[in-house]
There are 2 protein chains.
Amino acid sequence: MQSVSEENYIKALYHLQDGETLVSTNDIAGKMNTKASSVTDMLKKLAEKSLIDYVPYKGSKLTQNGRSCAMQIIRKHRLWELFLVEKLNFSWDEVHEVAEQLEHIQSRKLIDEIDKLLNRPKYDPHGDPIPDETGTIIENTYNTLAELKTGDAAKLSAVTDSSAIFLQYLDRNKLEIGSVLNVVYREELDGSCTVSTEHGKLYLSQMVASKLLVIPNTSSESNT
Amino acid sequence: MQSVSEENYIKALYHLQDGETLVSTNDIAGKMNTKASSVTDMLKKLAEKSLIDYVPYKGSKLTQNGRSCAMQIIRKHRLWELFLVEKLNFSWDEVHEVAEQLEHIQSRKLIDEIDKLLNRPKYDPHGDPIPDETGTIIENTYNTLAELKTGDAAKLSAVTDSSAIFLQYLDRNKLEIGSVLNVVYREELDGSCTVSTEHGKLYLSQMVASKLLVIPNTSSESNT
DNA sequence: ATATATTTTTAGACAAGGCTAAAAAATGAT
DNA sequence: ATCATTTTTTAGCCTTGTCTAAAAATATAT
Ligand SMILES: [Mn+2]
Ligand SMILES: [Mn+2]
Ligand SMILES: [Mn+2]
Ligand SMILES: [Mn+2]
């Protein structure tokens with residue numbers, strides 16, 4: 001059993017990890033709003049428990065064990081987020097903070113029952129995939145909206161920024177998971193794009209477009 | 001905002017308090033499975049925050065402030081317990097441990113929505129009253145089954161022992177909140193009693209009978 | 001009233017998790 | 001290859017919450 005703090009480090013490591021490359025101590029400190037020295041201490045402890053492989057001065061990565069631990073925490077986080085939206089009238093910009101607390105509740109039955117209640121959902125309110133009981137997670141290869149060209153169409157499938165301020169911006173512009181986006185014009189100069197949705201035309205900056213993960217519409221793939 | 005540990009001390013103090021009398025340091029240590037010296041340290045801290053009145057060598061009691069804080073924690077504990085039973089297929093002997101964790105989650109909206117979902121319930125699965133948002137709690141004056149005499153009838157309304165082992169004993173004997181109990185014979189020697197329910201006759205020891213809170217049936221009050 | 005027993009507090013220590021400042025290692029630029 | 005910069009680790013300190021052992025206060029019994 002891990003402490004709340006240990007769980008948070010494991011989660012951060014998972015989110016920062018990209019393939020087999022080691023995650024730097026500084027990056028972890030950045031993500032967790034702590035100091036590098038605190039991170040070093042914790043890395044030693046996690047290595048001791050064989051949850052991570054830690055190479056001093058080089059970086060660290062999750063072991064098999066650590067990864068499966070991370071998946072359980074992320075599963076809980078995302079199931080709770082969906083539960084809050086589906087059953088307790090939370091909006092998608094309100095759930096993250098509460099889920100940060102709920103993800104640390106220790107009860108196998110509790111999370112299994114939430115999973116059942118929600119009919120074994122595959123995605124959370126932000127489009128992130130929910131690992132199943134065994135820790136298996138769907139790996140989707142999305143495009144960002146910023147990668148599309150004039151004339152392309154796509155379905156908004158996930159967002160990479162779950163901050164309240166960003167999600168509220170999307171709400172104001174009637175963008176939600178599932179929205180169909182047609183790229184009316186893509187400005188190469190600054191990477192911005194004008195899209196049309198069922199609610200009308202929208203101008204989206206490169207900053208916003210790069211945070212929207214989409215599945216390109218194969219039906220309009222002909223116009224290359 | 002209080003730490004989880006502070007909240008647990010406040011809760012213990014509430015449960016031990018009886019009227020205006022001071023609660024002894026030793027009693028708190030007993031209830032919390034800690035040592036008296038640890039309790040003394042915490043009492044000083046809680047007094048500093050004016051959550052309790054602490055008189056060294058005499059004991060302590062909750063202030064107005066501390067009491068209202070206790071009510072919020074107990075409200076959360078009991079609402080979560082009922083939620084687990086009503087919505088997530090937990091049995092009444094499984095909920096306490098998980099509720100001990102969930103009661104510390106900080107989110108006003110979360111608990112309000114749970115309350116709404118359950119239709120502003122008045123009692124938890126063990127018959128304990130649930131404080132409302134303002135901290136108001138129903139004060140019932142129950143009798144224990146052990147106080148009744150031969151011929152009395154009563155409705156089981158609450159239990160004072162929520163341990164899994166005790167609740168499972170009640171399950172095995174088909175006793176639940178709401179069960180109607182007729183005292184067929186009360187043995188003065190050892191305080192045990194034989195009761196009949198809709199499922200048949202039962203022999204209950206004084207130890208068990210004293211943990212069952214009942215509302216005597218006024219319709220059979222005539223036989224005094 | 002005094003001695004004994006019990007309860008409570010104090011003193012000092014420890015583990016977890018954090019911080020700052022200094023030292024050491026790695027990286028990058030000439 | 002050497003020097004300067006950045007990253008990481010170490011050393012030492014702090015806070016929270018716990019403990020044990022000793023001291024002080026209170027309660028109890030003669
Ligand atoms: Mn989240
Ligand atoms: Mn999410
Ligand atoms: Mn309980
Ligand atoms: Mn209860």
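Letters A, B, ... mirror the listed sequences (proteins, then strands); counts begin at 1. The structure displayed is predicted, hence computed values, not measured ones.
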Determine whether more than 12 heavy atoms belonging to other residues, nucleotides or ligands lie under 6.0 Å from atom [atom1] of [X].
| X | atom1 | value |
| --- | --- | --- |
| A:Gln64 | CD | no |
| B:Lys31 | NZ | yes |
| A:Asp18 | CG | no |

Contact list for residues 75-109 of chain B, test ring-ring contact (aromatic ring centres under 6.0 Å, His included), sequence neighbours left out: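 As it turns out, the ring-ring contact (aromatic ring centres under 6.0 Å, His included) pairs with a partner in residues 75-109 of chain B, which skip direct neighbours, are A:Phe83-B:Phe83, B:His77-B:His96, B:Trp80-B:Phe83.
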Summary of ring-ring contact (aromatic ring centres under 6.0 Å, His included) pairs that have at least one residue in residues 4-31 of chain A, sequence neighbours excluded: none
Donor on one side chain, acceptor on other, A:Ser91 and A:Asp93, under 3.5 Å: yes
Check: A:Asn173 side chain, A:Leu175 main-chain N or O, donor-acceptor pair, under 3.5 Å: no
Donor-acceptor under 3.5 Å (A:Arg78 side chain, A:Gly127 main chain):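 Side chain of A:Arg78 to backbone of A:Gly127: no pair is present.
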Only distances under 3.5 Å count here; give the side-chain donor-acceptor pairs of residues 49-56 of chain A to other protein atoms, sequence neighbours excluded, each with its distance to 0.1 Å.
from: A:Lys49; atom 1: NZ; to: A:Glu6; atom 2: OE1; distance (Å): 3.1
from: A:Lys49; atom 1: NZ; to: A:Glu6; atom 2: OE2; distance (Å): 2.9

Might you list the N or O atoms of the protein lying below 3.5 Å from N or O atoms in nucleotides 5-7 of chain D, with each pair's distance?
none

From [options], nucleotide with atom closest to [X] side chain:
| X | options | result |
| --- | --- | --- |
| A:Thr40 | D:dT10, D:dA27, C:dT10 | D:dT10 |
| B:Tyr9 | D:dT20, D:dT18, C:dA26 | D:dT18 |
| B:Lys44 | D:dT9, D:dC19, C:dT10 | C:dT10 |

Expected rows: protein N/O vs nucleotides 11-14 of chain D N/O, under 3.5 Å:
none

Touch class at under 4.0 angstrom, heavy-atom based, for A:Ser38 against every strand present: base
Phosphate contact (C:dG18 OP1 or OP2) by A:Lys35 side-chain N/O below 4.0 Å: no
Residues from residues 49-56 of chain B lying under 4.0 Å of DNA chain C - heavy atoms: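 DNA chain C contact set from residues 49-56 of chain B: B:Tyr54, B:Pro56.
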For A:Ile138 against A:Lys122, the heavy-atom pair lying closest together: CD1-CD, 3.5 Å
